[in-house]
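What follows is one structure encoded as structure tokens, with my remarks underneath.
Scope of the values below: all heavy atoms of this structure, side chains included, with no hydrogens, waters or symmetry mates. In what follows, chains are A, B, ... by sequence order, proteins preceding strands, each numbered from 1.
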Protein chains: 2
Amino acid sequence: MRMAQLSERSGTPVPTIKYYLREGLLPRGERTGRTQARYGEHHLRRLRLVRALTDVGGLSIAAVREVLDKVDSPEPTTHQLLGRTLRDLTPTASGDVDVQAEEVDTERVRALVERRNWRVPAEARPFADLAEVIAAFRRAGHPVDDTALDDYAAAVESVARVDLDSLEEITETDEILESAVVRTVLGDTLLAVMRRLAQFDESARRSPATDDDC
Amino acid sequence: MRMAQLSERSGTPVPTIKYYLREGLLPRGERTGRTQARYGEHHLRRLRLVRALTDVGGLSIAAVREVLDKVDSPEPTTHQLLGRTLRDLTPTASGDVDVQAEEVDTERVRALVERRNWRVPAEARPFADLAEVIAAFRRAGHPVDDTALDDYAAAVESVARVDLDSLEEITETDEILESAVVRTVLGDTLLAVMRRLAQFDESARRSPATDDDC
DNA sequence: CCATAATGGATAGCTCAACTATCCAAAAGA
DNA sequence: TCTTTTGGATAGTTGAGCTATCCATTATGG
């Protein structure tokens with residue numbers, strides 16, 4: 001297909017597609033002439049993937065390029081590569097928060113990891129990220145206590161089991177990484193939205209009053 | 001204290017504080033002269049709150065202003081106000097995603113809510129949000145099945161119970177709304193980061209190989 | 001008490017990300 | 001043939017989130 005069709009079928013304006021081509025988010029089409037090119041279903045899929053990661057997942061163009069580079073990497077999908085890819089998907093909008101966690105926060109994360117028997121090294125990216133988030137709670141004047149942390153940890157453990165189960169169902173090995181990225185990034189948004197629904201329900205359950213509030 | 005001290009104690013540049021004052025994220029200080037004003041601990045707390053919500057929570061300035069307006073609203077903290085405040089904290093980075101969910105996605109959300117016995121009306125904001133996220137999975141070529149949805153729902157139910165428990169511990173009624181906002185917004189980031197750790201652990205648990213990968 | 005420095009507020013400017021518009025030569029279609 | 005469309009290159013636009021400048025006033029040190 002040509003770019004116009006790619007645009008129509010994906011709902012993305014042609015100039016935006018050209019921009020993605022320039023930025024390396026989308027591979028070039030197959031050249032059929034000096035000023036002509038063809039695009040296939042693969043391009044359409046990739047384009048829809050990019051839109052999902054940016055629009056719903058909230059990733060920046062630069063972040064999308066980074067993870068797609070890994071997804072396209074030719075090396076086999078080993079546990080290491082999977083781990084490295086997931087690790088770099090920091091959910092903080094900017095990603096490069098220069099807020100440094102204090103010693104006390106890092107220590108709490110270390111203790112949590114030990115309590116949960118998590119096999120993650122203290123050098124792992126999300127390890128430091130978690131310390132920073134816990135520090136942010138404290139600085140905002142609303143610290144989280146260890147009980148809540150443990151409860152949250154138990155919840156994400158079951159989430160992670162579902163995540164890994166979903167990946168094991170995938171037979172095409174070259175789709176595993178892409179699926180892991182999509183399910184992790186969009187899954188963050190899904191869990192956040194679902195949490196609002198559950199909060200809403202739990203709040204209604206605890207409130208004795210009539211609640212016909214939309 | 002004066003603005004210079006407010007800046008130093010919060011780690012925020014003076015021009016940024018002035019910007020927040022203009023944007024209504026921070027109340028004006030108490031005027032002590034035609035070109036002088038005093039700021040108190042309340043301003044410092046509020047400033048740190050703003051930084052946490054933007055830097056770590058990923059909220060836009062406009063979104064922060066909206067939720068702070070509700071936090072500052074003089075009406076008592078009823079269940080309705082709490083629900084309305086939490087409802088409007090859409091986690092999607094932009095918030096105003098114009099991607100429309102299809103009928104099939106909305107129907108799946110309706111069925112999920114029924115299976116879980118959630119007391120949320122179909123007109124609630126997160127209801128439509130969830131349909132949109134599920135649609136995004138499908139369009140990206142990696143649909144979620146109902147089994148995963150149910151498992152995620154069970155996980156967020158326990159998260160929501162922890163959330164509401166934390167709120168019940170708060171005695172100062174005028175702090176409940178602020179705490180709900182902070183715990184919800186920063187909690188999204190915390191859960192996402194913790195999920196990475198749990199994925200990392202679960203992956204290591206399932207992989208027979210040696211994994212000294214950072 | 002006077003000179004100097006700092007302050008709060010208003011206004012305008014800057015920077016970056018994410019597009020969007022224009023142009024052009026070549027190719028496609030009528 | 002001749003009009004339209006295409007892909008690619010280049011430059012321009014928009015909005016968010018700061019940042020810099022200016023000025024009258026106020027604090028402050030000698």
Residue A:A37, side-chain atoms from C-beta onward, closest of D:dT19, D:dG8, D:dA27:
D:dG8
Given the rule in the side chain to side chain contact (heavy atoms under 4.5 Å, CB included) test, do A:R195 and B:E157 qualify, once you have shown the distances and angles that lead to the verdict?
CA-CA 7 Å; A:R195 181 179 173 220; B:E157 276 176 16; over 6 Å; no
Does D:dG17 have OP1 or OP2 under 4.0 Å away from a side-chain N or O of B:T16?
no
Separation of atom CZ in B:R38 from atom C1' in C:dG9, rounded to whole Å:
17 Å
Side-chain contact check for A:R2: nearest option of C:dG29, C:dG8, D:dG8 is C:dG29
Residues, nucleotides or ligands: over 12 heavy atoms within 6.0 Å of A:E23 CD:
yes
When you check the phosphate oxygens OP1 and OP2 of C:dA18, does a side-chain N or O of A:T54 lie under 4.0 Å from one of them?
no
Are A:D188 and B:R196 ion-paired here, with the side-chain N under 4.0 Å from a carboxylate O?
yes
B:K18 atom NZ is separated from C:dG8 atom C1', nearest whole Å, by 6 Å
Rounded off to whole Å, could you give me the CG-to-C1' distance for the B:L26 and C:dG9 pair?
14 Å
Is A:D105 salt-bridged to A:R138, cutoff N-O under 4.0 Å?
yes
Determine the contact category for A:R31: base if any of its heavy atoms lies under 4.0 Å from a base atom, sugar-phosphate if only primed atoms, P, OP1 or OP2 are that close, otherwise nothing.
sugar-phosphate
Length of the CE-P vector between A:M3 and D:dA9, whole Å
11 Å
The nucleotide from C:dG29, C:dA10, C:dC19 with an atom nearest the side chain of A:I61 is C:dC19
For DNA chain D, whose closest nucleotide is more 5', that of B:Y20 or that of A:R28?
A:R28
Between A:Q36 and A:R22, which is nearer to the 5' end of DNA chain D once each is assigned its nearest nucleotide?
A:Q36
Among the candidates C:dA28, C:dG8, D:dG8, find the nucleotide nearest to the side-chain atoms of A:L21.
D:dG8
Taking side chain as C-beta onward, heavy atoms only, is B:D146 less than 4.5 Å from B:L149?
yes
Rounding to a whole Å, what distance do you find between A:R34:CZ and D:dG8:P?
14 Å
Nucleotide of C:dG9, D:dT6, D:dA27 approaching A:T35 most closely (side-chain heavy atoms)
D:dT6
Separation of A:L25 atom CG from C:dA17 atom P, in whole Å?
14 Å
Whole angstrom value for the distance that separates P of C:dA10 from CD of B:E23:
13 Å
Gap between atoms CD and P, on B:E30 and C:dT7 respectively (whole Å):
18 Å
Select one nucleotide: of D:dT19, C:dT20, C:dG8, the one nearest the side-chain heavy atoms of A:Y19.
C:dT20
